[in-house]
K.L.:
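Below are the structure tokens for one structure; questions will follow.
Numbering starts at 1 and runs along the sequence shown.
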Amino acid sequence: MISNWQWDTFYDSFPIIIQGLGITLGLTIACYLFALIFGFVWPFLNQIPIKPLRWLFTWIMEFIRSTPPLVQLFFIFYALPMIPVIGFTLDPFTSAVLGLGIHFSTYIGEVYRSGIEGVDKGQWEAAKALNFSARQKWSKVILPQAIPPTIPMLGNYLIIMFKEVPLASSIGVAGILNLANSYGSANFRYLEPLTIVAILFLVLSYPSAILINKLERKMNRRFEKSEPTGSKPIEEVKGAVSQQ
């Protein structure tokens, strides 16, 4: 295998792969931002007081999570335009953002839900006792306490998404895997471009995973120092709100 290695092919394909890496990183950021924003919707849809609607949204969420993201990409890009009346066509990049963004939003929604449920019961009661509006309760009391513990898990999903984004090459997004495969098929040389792809993913993913692990340990130590037991008094909530 080593004797078959061609450095000329390696150097020739490297700029092309780097170009694809830029597209892959851009797609990762776009999908992640979509999932972060849309993920906020799921915890609220699953708490709707109307049971049939709550069951419907729960089923939709489970359906999306149980279906391979590659199938969802194919459906959005190839099948969606064929649906009568409501069907429409999207370009490959937008289809990838929509498909991967919705898929990962269901997992990020669960992260948000666990963070919200982790807020001390006394904080909810204190916000209600102080007659806060729904906006004040969520923006000044619940979310500032619910989101920080979820940051390490959200970081993990960013790394996972970065490694799943090459699936978009299956619908024509000119990302890192698509360009490596195109170079290989045009020159009958797959070894060098795919090796570059693997190295780049390792170089970018491994340090990010180490940083996320350090952040997670730091957050765990922070919350271990804070008192998790008991309901906090109303005066404490008042003080926290007044400082914001």
K.L.:
Given 3.5 Å as the limit, does a donor-acceptor pair link the side chain of Gln6 with the main chain of Glu192, or not?
P.N.:
no

K.L.:
Please round to the nearest 0.5 Å and tell me the distance separating atom CD1 of Ile147 and atom OG1 of Thr150.
P.N.:
4.5 Å

K.L.:
Would a line drawn from the ring center of Trp42 to the ring center of Phe57 be shorter than 6.0 Å?
P.N.:
no

K.L.:
Looking at every heavy atom in both Pro69 and Leu100, which two are closest together, and how far apart are they?
P.N.:
CB-CD2, 4.0 Å

K.L.:
Apply side-chain contact (heavy atoms from CB on, under 4.5 Å) to residues Phe34 and Leu98 and explain how you reach the verdict.
P.N.:
CA-CA 8 Å; Phe34 184 97; Leu98 189 62; 3.9 Å; yes

K.L.:
What's the shortest heavy-atom distance between Gly172 and Pro92, and which atoms?
P.N.:
C-CB, 4.2 Å

K.L.:
To the nearest 0.5 Å, tell me how far Leu194 CG sits from Asn181 CG.
P.N.:
7.0 Å

K.L.:
Tell me which one of Leu143, Val41, Leu36 satisfies side-chain contact (heavy atoms from CB on, under 4.5 Å) with Tyr112.
P.N.:
Leu36

K.L.:
Evaluate Ile212 against Leu158 for side-chain contact (heavy atoms from CB on, under 4.5 Å), listing each step before the verdict.
P.N.:
CA-CA 10 Å; Ile212 294 297; Leu158 176 59; over 6 Å; no

K.L.:
Does CZ in Phe14 sit with more than 12 non-hydrogen atoms of other residues, nucleotides or ligands closer than 6.0 Å?
P.N.:
no

K.L.:
What I'd like to find out is whether the side chain of Val141 reaches to under 4.5 Å of the side chain of Gln136, using heavy atoms alone.
P.N.:
no

K.L.:
Would you tell me whether Gln123 and Gln145 have side-chain atoms, one donor and one acceptor, within less than 3.5 Å of each other?
P.N.:
yes

K.L.:
State the CG-CD1 distance between Asn156 and Ile159, to the nearest 0.5 angstrom.
P.N.:
5.5 Å

K.L.:
Identify whether the distance between the nearest side-chain nitrogen and carboxylate oxygen of Glu110 and Arg113 falls below 4.0 Å.
P.N.:
yes

K.L.:
Considering all heavy atoms of both residues, which atom of Tyr32 and which atom of Leu154 are nearest to each other, and what is their separation?
P.N.:
OH-O, 2.7 Å

K.L.:
For Ser13 versus Ile196, what's the shortest heavy-atom pair and its separation?
P.N.:
OG-CD1, 3.5 Å

K.L.:
Mind checking whether Leu73 and Tyr78 have side chains closer than 4.5 Å, heavy atoms only?
P.N.:
no

K.L.:
Would you give the length of the straight line joining atom CG of Leu27 to atom CD1 of Ile176, rounded to the nearest 0.5 angstrom?
P.N.:
12.0 Å

K.L.:
Can you check whether Trp138 reaches Phe44 side chain to side chain, under 4.5 Å on heavy atoms?
P.N.:
yes

K.L.:
Counting heavy atoms not belonging to Ile83, are there more than 12 under 6.0 Å from its CD1?
P.N.:
yes

K.L.:
What are the two closest heavy atoms between Thr24 and Gly175, and how far apart are they?
P.N.:
OG1-CA, 3.5 Å

K.L.:
Return yes if a side-chain donor-acceptor contact under 3.5 Å exists between Asp12 and Thr9, otherwise no.
P.N.:
no

K.L.:
Can you list everything that forms a ring-ring contact (aromatic ring centres under 6.0 Å, His included) with Phe77? Sequence neighbours excluded, please.
P.N.:
none

K.L.:
Contact between Phe38 and Ile108 at the side-chain level, heavy atoms closer than 4.5 Å - yes or no?
P.N.:
no

K.L.:
Tell me the ring pair (Phe, Tyr, Trp, His ring centres under 6.0 Å) pairs involving residues 167-214, sequence neighbours left out?
P.N.:
Phe162-Phe201

K.L.:
Working to the nearest 0.5 angstrom, can you tell me the gap between Phe132 CZ and Trp124 CH2?
P.N.:
13.5 Å

K.L.:
Would you mind listing every side chain to side chain donor-acceptor pair (under 3.5 Å) that reaches into residues 51-73, with sequence neighbours excluded?
P.N.:
Asn46-Thr58, Gln72-His103

K.L.:
Is a side-chain N or O of Ser205 found less than 3.5 angstrom from the main chain of Leu202, in a donor-acceptor match?
P.N.:
no

K.L.:
Do you know the tightest heavy-atom contact between Leu179 and Ile17?
P.N.:
C-CD1, 4.4 Å

K.L.:
Begin with the C-alpha distance, continue with both residues' side-chain angles, and end with the deciding distance and a verdict on side-chain contact (heavy atoms from CB on, under 4.5 Å) for Thr94 and Asp91.
P.N.:
CA-CA 6 Å; Thr94 305; Asp91 61 84; 2.7 Å; yes

